[in-house]
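To keep things clear, I will list the structure first and then write my remarks on it.
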2 protein chains.
Amino acid sequence: MKKVQTSDSAKMRILKTASDLFYRQGYRSTGTNEIIKKAGVAKASFFYHFPTKEALALAYLQDLHSHEAENLLKFVNERQKPSDRFLAVIKWIEPWIKSNKLRGCGFLNMVSEVPDKKSPLRKMAKKHYAVLGGLIRQLTQELVNSDPKRYRHLDVSAIADRYVAIVVGAIALSETAQNTWPARQGVEVVNALIPIP
Amino acid sequence: MKKVQTSDSAKMRILKTASDLFYRQGYRSTGTNEIIKKAGVAKASFFYHFPTKEALALAYLQDLHSHEAENLLKFVNERQKPSDRFLAVIKWIEPWIKSNKLRGCGFLNMVSEVPDKKSPLRKMAKKHYAVLGGLIRQLTQELVNSDPKRYRHLDVSAIADRYVAIVVGAIALSETAQNTWPARQGVEVVNALIPIP
DNA sequence: GTCTATATTTGGATAGAC
DNA sequence: GTCTATCCAAATATAGAC
C-alpha cells in the first residue's frame, strides 16, 4: 500500500493522500476509509481535521487550483514575446496532460461527479476556469497592445472566451480518447484565432 | 416519486428510469435501490435483466448513443448546402445542451466517473466520439468536394479532429460555467477552420 | 419473469478515552 | 490532536418461492 510521508502532520498526510486519490480515482470512487488507511491516520483524526468528506474535497480543489495556476504562470513567464506568451497556455496542455497520465482536469471531472449545481465543489470549478479565462484575456490584451495596427480589429473578450473553450476541449477529449492529439490540434485552433504573423 | 410508464416491460422501465437518473445525477451517485424503487420493479427483477449495475450502464450508453446519433443526423439532413451541413454539428450544440439543462454529455461525464481506463463504459465513450468524428470528417469531405478550387488546400482529417475538440470544449465548458456561451463561441471557432465564403 | 426476504460489504460519521 | 471501537444507512447482489 502506497503511503505518504510520515514526517508530515496528520492533516497534511490526509490532504496529500486524498488529493492523489481524488484526482486519479475520482471523488465518489474514493472512500474515506481508503484515505484513512493510506494516510496512516485514525478515523477520528480524519473527521477532526475535515468535518465531512466534502470539506476535504474542497481543500483538495483549492490546493489543486493554487498549484496549477502557479505552474502555468511560470510556464507563461518563461516567455517574453507577446505572441509566445499568448500561445503558451494551449502549448502547456500537452506536457501537462501527459504528466497527468491522461486523467484530464480535476475540476471538470469533479463537475461530472457532482450533480448538485449549487455545490461548493462546482463553484470552485467554475472559479478555476474563470481565473484561467482572466489570464487568457490579459495575455490577449497584451498581444493587441504590442501591435495595435495589426490587432486593432480583434475582440479581446470573444477571443479569450473561445480560447478557454478550446483549452477545455483539448483536455476533456484527450482523456476520453486517451491520446494527446487533441492538445496538439488545440494549438493550431488557437493560432487561427489571431491574424497570421 | 417520479415513475416511468407502467405499460412498459420491467426491463424497459428499468432502462428508462436508469437512463434518466444516470444522466441527471451521474452513474455513481445513483444507487440500484433508487432505480428499483422508481422503476417500480422488484430487486430480483432488476438483477434478472441486468446482471450487474455496470451492465445496465452499458445499455444506457448504447441507447444514448443511438438516440443522439439519430437526432444529430436528422438535424444535419435538414440542410442541403455543404457549408450549412458542415456547420450543423456545432450549431446543434446550443439547443441540445439547453434541452439537457446544462448537464453536459453523458459520455464525458461517464469517463470522469470511471477511473478504470479499460472499462467497457470508457470504451463506449471513446467510440461515441469516434463516430462523431467520422460524421464530421464526412461532412468536411463533402464541403471540399463541393468547391475543390476553394478548398483544395484543406487537410480534411486535421479539420475534423479540430472540429471534434471544439465540440467537446463547448459541451464541457457549458456544463462547468452553467452557461451556453461556449456553444455559441464554438460556432465562430468552427467557422474559422475554413476559408471565409 | 417477477416476487419477498435477506446477505454482505462499504459508505460516511461519532463516542469517549488518552 | 490522536487513538480504538462502534454506529447506522446505503451500497451491490443473491436465495428461493410463485
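Since the structure is predicted, the reported quantities are computational estimates derived from the model, not experimental observations. Chain A is the first sequence line, chain B the second, and so forth, proteins listed ahead of strands; every chain is numbered from 1.
- For the pair B/Tyr151 (side chain) and B/Ser146 (backbone), a donor-acceptor distance under 3.5 Å is absent.
- In this structure, the CZ atom of A/Phe47 is 18 Å from the P atom of D/dG1, given to the nearest Å.
- For A/Glu34 and D/dA11, the CD to P distance is 19 Å, given to the nearest whole Å.
- The residue among A/Ile36 and B/Val41 whose nearest nucleotide of DNA chain C lies closer to the 5′ end is B/Val41.
- Contact annotation: the side chain of A/Ser9 approaches that of A/Met12 to within less than 4.5 Å [non-hydrogen atoms, C-beta and beyond].
- Remark: P of D/dA11 and OH of B/Tyr27 are 13 Å apart, rounded to the nearest angstrom.
- Whole-Å rounding puts the A/Phe46 CZ to C/dT14 P distance at 12 Å.
- Counting non-hydrogen atoms under 4.0 angstrom, B/Ala10 reaches the backbone sugars and phosphates but no base.
- Distance from the side chain of B/Asn33 is smallest for D/dA11 among the nucleotides D/dA11, C/dT4, C/dG12.
- For A/Ala44, the listed nucleotide lying nearest its side chain is D/dT4; candidates were D/dT4, D/dT12, C/dA13.
- Side-chain proximity of A/Lys43 to C/dG11, D/dT14, C/dT14: nearest is C/dT14.
- For the pair B/Lys53 NZ and D/dT14 C1', the interatomic distance rounds to 18 Å; values are reported in whole Å.
- Under 4.0 Å is where a charged nitrogen must lie from a carboxylate oxygen, and between A/Arg122 and B/Glu175 at least one such pair does.
- As a whole-Å value, the separation of A/Ile35 CD1 from C/dT10 P is 16 Å.
- Cation-pi geometry between B/Lys11 and B/Tyr48 is not satisfied (NZ or CZ under 6.0 Å from the ring centre, within 45° of the ring normal).
- Between the side chain of A/Lys53 and the backbone N or O of A/Thr30, at least one donor-acceptor pair lies under 3.5 Å.
- The nearest whole Å value for the distance from the NZ atom in A/Lys37 to the P atom in D/dT2 is 21 Å.
- Minimum atom distance to the side chain of B/Tyr48 is reached by C/dG1, of the listed C/dG1, C/dT6, D/dT2.
- The phosphate of D/dC3 (OP1 or OP2) has a side-chain N or O of A/Ser45 nearer than 4.0 angstrom.
- Taking atom CG of residue B/Asp8 and atom C1' of nucleotide C/dG1, one finds them 16 Å apart after rounding to whole Å.
- Using a 4.0 Å heavy-atom cutoff across all strands shown, A/Thr30 reaches sugar-phosphate atoms only and no base atom.
- Distances from the side chain of A/His49 to the nucleotides C/dA13, D/dC3, D/dG1 place D/dG1 closest.
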